[in-house]
Number of protein chains: 2
Amino acid sequence: MTSGQPREPLPRDREPTLTIAQVAERTGLSHDTLRYYEKAGLIERVGRSTGNQRRYQAADLAWLEFLLRLRGTGMSIADMQRFAALRAAGNVTVADRLAMLREHRAELAERIRALRRNASVLDDKIDHYQRLLLDEHEIEHEQPGSDETT
Amino acid sequence: MTSGQPREPLPRDREPTLTIAQVAERTGLSHDTLRYYEKAGLIERVGRSTGNQRRYQAADLAWLEFLLRLRGTGMSIADMQRFAALRAAGNVTVADRLAMLREHRAELAERIRALRRNASVLDDKIDHYQRLLLDEHEIEHEQPGSDETT
DNA sequence: GTAGAACCTGGAGCGCGCTCCAGGTCAAGC
DNA sequence: GCTTGACCTGGAGCGCGCTCCAGGTTCTAC
């Protein structure tokens, strides 16, 4: 124990593990969120130390990171639960998982399109305000106020 | 009153108005949400009939539709409140409003970029599952199960 | 052995953006 | 006058995704 990193006894056939604090730091999730995700079934029950403290393995971290990608595409907890349950059920659910991801991907594409449409309205409004400001400066306050609609 | 549309007496210098039901239908918002937006100050107090019922004008509808664009870009109610308050304060706030929209636009661009990054991880996973399924079919069930990581 | 930090559990609480409800008013048709 | 339905108000409630809390255990350093 010379480095600052607390480690398990490491019985040599077991890979090194991470504490909840380390996983929190690596993923950006809070301790509470990590425990919540486990309770919610998003991640399978994580291994424990002899004293019942969580010890995450590399696979747990990888899965968490994928969950974060799903969350980052706007997938709901409920859908992630469904996906996690399929995953836990083994390889026979690969087709189902593929279908879920494809559907989600399509929705995401649509959401991105909608965002871009709305963004362009935003751009128009920005242009409009810019022109208003320019005109205001050109005319150098003649008639302050009272032409408000936008 | 020959058509099914209930109208105000229409004193001729007043434009035609819309009931809350008509606005709900046009905007896709519920009656409750319309009232909530008004209570929250997102829209200024809408005109009323003699019987205290809301009568929306074209300008109200236009503003609502712009709000919906803002909402559609992920702007929070709190920010929309700020924006609406600036608007209500008149033309002197145009520069502030421009600044708000620009900042929001920048955040939106970043959010869209993040979505696309996450989407590409999703695409990779989809490819991965597709390949898994293909291999499975090629090999025609030899060793069902037990190579699960993804 | 002991202090203090890190961790555990179950459950309550919160901020957001609505949504619903109770109890009432108003307008139109019969 | 009566019924029906659209509308009104204030306020409670809800689903989501966490976040916080109390009370207890465990781990690490000294």
Side-chain angles (χ1 to χ4, degrees), chain A residues 1-10 16-43 45-56 60 64 67-84, chain B residues 1-10 17-43 45-56 60 64 67-84 111:
Chain A
M1 314 251 159
T2 50
S3 78
Q5 292 183 66
R7 297 220 166 158
E8 278 307 277
L10 226 172
T17 58
L18 296 169
T19 66
I20 196 170
Q22 291 169 324
V23 174
E25 193 182 354
R26 261 157 237 231
T27 59
L29 295 170
S30 72
H31 299 202
D32 276 326
T33 301
L34 283 168
R35 288 190 276 249
Y36 165 65
Y37 279 6
E38 187 176 334
K39 208 189 299 190
L42 294 192
I43 48 188
R45 187 178 164 81
V46 170
R48 307 289 155 133
S49 72
T50 56
N52 196 37
Q53 297 195 350
R54 288 172 179 80
R55 294 295 178 262
Y56 293 81
D60 295 322
L64 264 171
L67 279 182
L68 286 183
R69 297 307 117 223
L70 290 183
R71 190 182 71 166
T73 59
M75 185 180 281
S76 68
I77 296 276
D79 281 351
M80 289 193 275
Q81 283 172 333
R82 281 187 267 284
F83 193 81
Chain B
M1 314 250 158
T2 50
S3 82
Q5 291 185 64
R7 295 221 168 159
E8 280 306 277
L10 224 173
T17 58
L18 297 169
T19 66
I20 196 169
Q22 291 169 323
V23 174
E25 193 182 355
R26 261 157 239 231
T27 59
L29 295 170
S30 72
H31 298 202
D32 276 326
T33 300
L34 283 167
R35 289 191 275 251
Y36 164 66
Y37 278 6
E38 188 176 334
K39 210 189 297 192
L42 294 192
I43 47 186
R45 187 177 163 82
V46 170
R48 307 289 156 132
S49 72
T50 56
N52 195 37
Q53 296 194 351
R54 287 171 179 79
R55 292 297 178 264
Y56 292 83
D60 295 323
L64 265 171
L67 279 181
L68 287 183
R69 294 309 117 221
L70 290 183
R71 189 182 71 166
T73 58
M75 185 179 282
S76 68
I77 297 276
D79 281 351
M80 289 194 274
Q81 285 171 333
R82 281 187 268 283
F83 191 81
R111 279 195 31 244

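These values consider heavy atoms only, across backbone and side chains, with no hydrogens, waters or symmetry-generated copies.
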Rounded interatomic separation in angstrom, taking CE from B:M80 and P from C:dC18: 7 Å
To the nearest Å, give me how far apart CZ (A:R55) and P (C:dC7) are. 8 Å
Would you mind reporting whether A:R26 and A:Y56 have side-chain heavy atoms less than 4.5 Å apart? no
From D:dC8, C:dA27, C:dC18, pick the nucleotide closest to the side chain of B:Y36? C:dC18
Rounding to a whole Å, what distance do you find between A:L34:CG and D:dT19:P? 11 Å
D:dG17 P sits how many Å from A:L29 CG, rounded? 14 Å
Closest approach to the side chain of A:Q53, judged atom by atom: which nucleotide of C:dA27, C:dA6, C:dC21 is it? C:dA6
Looking at C:dT19, D:dC8, C:dT9, which one has an atom nearest to any side-chain atom of B:I20? D:dC8
When you measure from the side-chain N and O atoms of A:R35 to the phosphate of C:dT9, is any distance below 4.0 Å, counting only OP1 and OP2? no
Whole-Å distance between D:dT9 P and B:K39 NZ? 8 Å
Could you check how far CZ of A:R45 sits from C1' of C:dT9, rounded to whole Å? 11 Å
At under 4.0 Å, does any side-chain N or O of B:S49 touch on OP1 or OP2 of D:dA6? no
Return no unless some side-chain N or O of A:T50 is found under 4.0 Å from OP1 or OP2 of D:dT26. no
Return the 5'-most residue of the pair A:Y37, A:N52 with respect to DNA chain D, ranking by each residue's nearest nucleotide. A:Y37
Taking the side chain as every heavy atom from C-beta outward, state whether A:L29 and A:L68 have any pair of such atoms under 4.5 Å apart. yes
Could you state the atom-to-atom distance from CG of B:D32 to P of D:dC7 in whole Å? 12 Å
Rounded to the nearest angstrom, tell me the gap between atom CD in B:E38 and atom C1' in D:dC8. 11 Å
Is any side-chain nitrogen or oxygen of B:H31 closer than 4.0 Å to OP1 or OP2 of D:dC7? yes
Return no unless some side-chain N or O of B:T19 is found under 4.0 Å from OP1 or OP2 of D:dA6. no
Is a side-chain donor or acceptor of B:Q22 paired with a backbone partner of B:T19 at a separation under 3.5 angstrom? yes
What nucleotide, of C:dC8, D:dC8, D:dT19, holds the atom closest to the side chain of A:R54? C:dC8
Distance below 4.0 Å between A:S30 side-chain N/O and D:dT19 OP1 or OP2: yes
Check whether any side-chain heavy atom of B:L42 lies under 4.5 Å from a side-chain heavy atom of B:Y36, and answer yes or no. no
Phosphate OP1/OP2 of C:dT9 contacted by A:R48 side-chain N/O (<4.0 Å): yes
Counting distance only, does the side-chain N/O of B:R111 pair as donor-acceptor with the main-chain N or O of B:T73 below 3.5 Å? yes
